[in-house]
Amino acid sequence: ITGGSVYFLTENMALGITLATNVAFIVCTAPLLTTILFLLIYKKEKAYVGPFLVLLALFNPPYIARSFQLSSVFYAMILTCIMVLCWDDKEKREHLFLYAFVIDGIILAFLDFLTYPPVAFVVPLCFVLVFSEQDLLHNLLASIRYGIAFLLGYAGMWVSKWILASLFTDENVIAEGIESVLHRTGKGAMSDVDSAFNVEISPAAAMRENLHAFGTRPVRIMVFLLLCAAVVLVIYMIRHKAGFTKRAAGMFVIFALLTIIPIVWIVALNNHCSLHPHLEWREWLVAVFAPLMWLAWFWTDRRKKAVECR
C-alpha cells in the first residue's frame with residue numbers, strides 16, 4: 001500500500017512538472033534500465049555502469065519519449081542488452097547471442113524507419129565483448145557472426161515485408177523496395193522530394209550535417225570531460241606501468257572497428273543521412289560508448305591482474 005501510494009504521488013507530481021509523454025517514458029524504461037544496472041552490479045562489473053549512464057544521458061531521453069520512431073530503437077537496444085547480460089551459460093550463450101541479434105534486427109526492421117539501427121547492435125555487442133574471455137581472433141570472428149545475424153534479421157524482415165506486400169497487392173513492392181535502397185544509398189536518381197529540402201546530398205555533407213547535429217553545447221562539454229578523464233586514465237596507467245598486453249591490444253582493435261561504424265553507416269546511407277540529420281546523429285553515440293567501454297574493460301582487467309599477483 002505504501003509503495004503504491006508513493007508511486008502515484010510521485011507520478012502525479014511529475015505530471016505537474018512535465019509532459020505526460022515524458023512521464024510515460026520514465027515509467028516504461030525505469031524497470032528496464034534498473035534491470036541492466038542490477039545485472040552489472042550483480043556481476044560485480046560496476047566499471048561498466050559509468051559508460052552506460054553516459055550513453056543514456058547523450059540519448060536525450062525527453063526527445064526520444066515524444067517519438068515512437070526514435071524510441072523503438074532505444075527499446076530494442078535495451079531489451080537486447082538485458083538478454084545478453086542474463087545469459088551466463090558459457091557453453092550455450094554464443095548460440096543464444098546469435099538468436100538475440102537476429103531478434104534485435106527483426107524488431108528494428110519491423111518498427112524503425114532508418115533512424116539509428118547500428119546503436120541497437122553495437123551497444124549489446126560491447127557488453128558481449130567485455131565479458132568474453134576469448135582471444136582476439138575468436139572475438140573478432142564472433143563479432144562478425146553476430147553482425148551477420150543482425151543483418152539477416154534486419155534485411156530479412158524488410159524483404160519479407162516487400163514479398164508479402166507484393167503477394168497481397170497488385171503493386172511490385174519488391175522493385176520499389178530495391179529502388180528505395182538504391183535511392184537512400186545515393187545510387188539512384190534524386191527525387192523531387194529530395195530537391196525540396198534544398199540541401200547538399202553527398203557523403204561529405206552527410207558527415208558534416210550529422211556531426212553538427214550531434215555537437216550541441218551540452219554534448220561538447222560532456223565529450224570534452226570524457227576526453228579529459230580518458231587522458232587522466234592513460235597517464236595513470238603509464239605512471240603505474242599498467243601493461244598493454246596482447247589481449248588488451250586485440251580488444252582495442254575490435255573496439256576501434258566498432259567506433260568507426262557510424263562513419264560507414266553515414267557514408268553508405270548518405271542520401272538519408274544528408275536529409276535527416278535530426279534522426280541520424282545518434283549514430284555517433286557508438287563512437288563515444290565503444291571507447292568508454294574499452295577503457296572500462298582495460299581498467300577492470302588490470303585491477304583483476306593486480307589482485308591475482310598479490
Side-chain angles (χ1 to χ4, degrees), residues 22 25-26 28-41 43 45-65 67 70-86 100-101 104 107-108 112 115-131 143 146 150 210-211 213-230 233 251 254-263 265-266 278-300:
N22 294 339
F25 183 77
I26 294 172
C28 292
T29 57
L32 301 176
L33 300 180
T34 303
T35 301
I36 292 179
L37 296 176
F38 169 78
L39 288 171
L40 290 175
I41 296 173
K43 291 175 178 288
E45 301 291 353
K46 298 178 182 179
Y48 304 115
V49 172
F52 184 70
L53 293 178
V54 170
L55 176 72
L56 295 180
L58 293 175
F59 255 113
N60 192 1
Y63 190 72
I64 291 178
S67 171
L70 295 175
S71 60
S72 60
V73 183
F74 181 83
Y75 286 126
M77 178 197 75
I78 294 297
L79 292 173
T80 308
C81 287
I82 291 175
M83 286 190 288
V84 165
L85 292 172
C86 281
F101 284 111
D104 187 21
I107 294 173
L108 288 177
D112 184 43
T115 51
Y116 51 102
V119 177
F121 166 68
V122 174
V123 172
L125 180 59
C126 286
F127 283 114
V128 172
L129 291 172
V130 296
F131 292 119
S143 299
Y146 300 146
F150 175 81
N210 281 270
L211 278 173
F214 175 64
T216 58
R217 186 174 180 182
V219 171
R220 290 174 184 172
I221 295 173
M222 183 172 291
V223 171
F224 174 76
L225 293 175
L226 291 174
L227 289 174
C228 292
L233 179 59
M251 291 289 282
I254 295 176
F255 277 87
L257 292 174
L258 295 180
T259 302
I260 66 174
I261 284 180
I263 299 175
W265 176 269
I266 291 172
H278 61 288
L279 298 176
E280 291 285 346
W281 67 263
R282 287 174 179 81
E283 306 293 356
W284 291 112
L285 298 181
V286 170
V288 176
F289 183 71
L292 288 177
M293 287 294 283
W294 180 83
L295 286 171
W297 172 85
F298 186 74
W299 176 267
T300 303

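The closest side-chain heavy-atom distance from V130 to F255 is below 4.5 Å. I263 is listed as a side-chain neighbour of W284, based on a closest heavy-atom distance under 4.5 Å.
Atom CD1 of I266 is separated from atom CD1 of I260 by 12.5 Å, given to the nearest 0.5 angstrom. Note that the CG atom of L292 and the CG atom of L53 stand 11.5 Å from one another [nearest 0.5 Å]. From I107, atom CD1 reaches atom CE of M77 across 13.0 Å, with rounding to the nearest 0.5 Å. Atom CD1 of I82 sits about 7.5 Å away from atom CG of L39, to the nearest 0.5 Å. How far CG of L40 is from CZ of F52: 7.5 Å, rounded to the nearest 0.5 Å. The CG atom of L108 sits 7.5 Å away from atom OG1 of T80, with the distance rounded to the nearest 0.5 Å.
Closest heavy-atom contact between V84 and P124: CG1-O, 4.1 Å. Here the shortest heavy-atom pairing between L258 and C126 reads CD1-SG, 4.0 Å. Closest approach of P262 to A287, counting heavy atoms only: CG-N, 4.2 Å. A pairwise comparison of heavy atoms in V288 and P291 identifies O-CD, 3.4 Å as the closest pair. Closest heavy-atom contact between M251 and L129: CE-O, 3.4 Å. T115 and E283 make their closest contact through O-OE2, 3.1 Å (heavy atoms, listed as atom of the first residue, atom of the second, distance).
Exactly one residue among W265, F289, F101 makes a ring pair (Phe, Tyr, Trp, His ring centres under 6.0 Å) with F121. That residue is F101.
Between F131 and Y48, the ring centre distance stays below 6.0 Å.
Residues meeting the ring pair (Phe, Tyr, Trp, His ring centres under 6.0 Å) test with F59, sequence neighbours left out: F74, Y116.
W294 and W297 have tilted rings, their planes meeting at an angle from 30° to 60° on a 0 to 90° scale.
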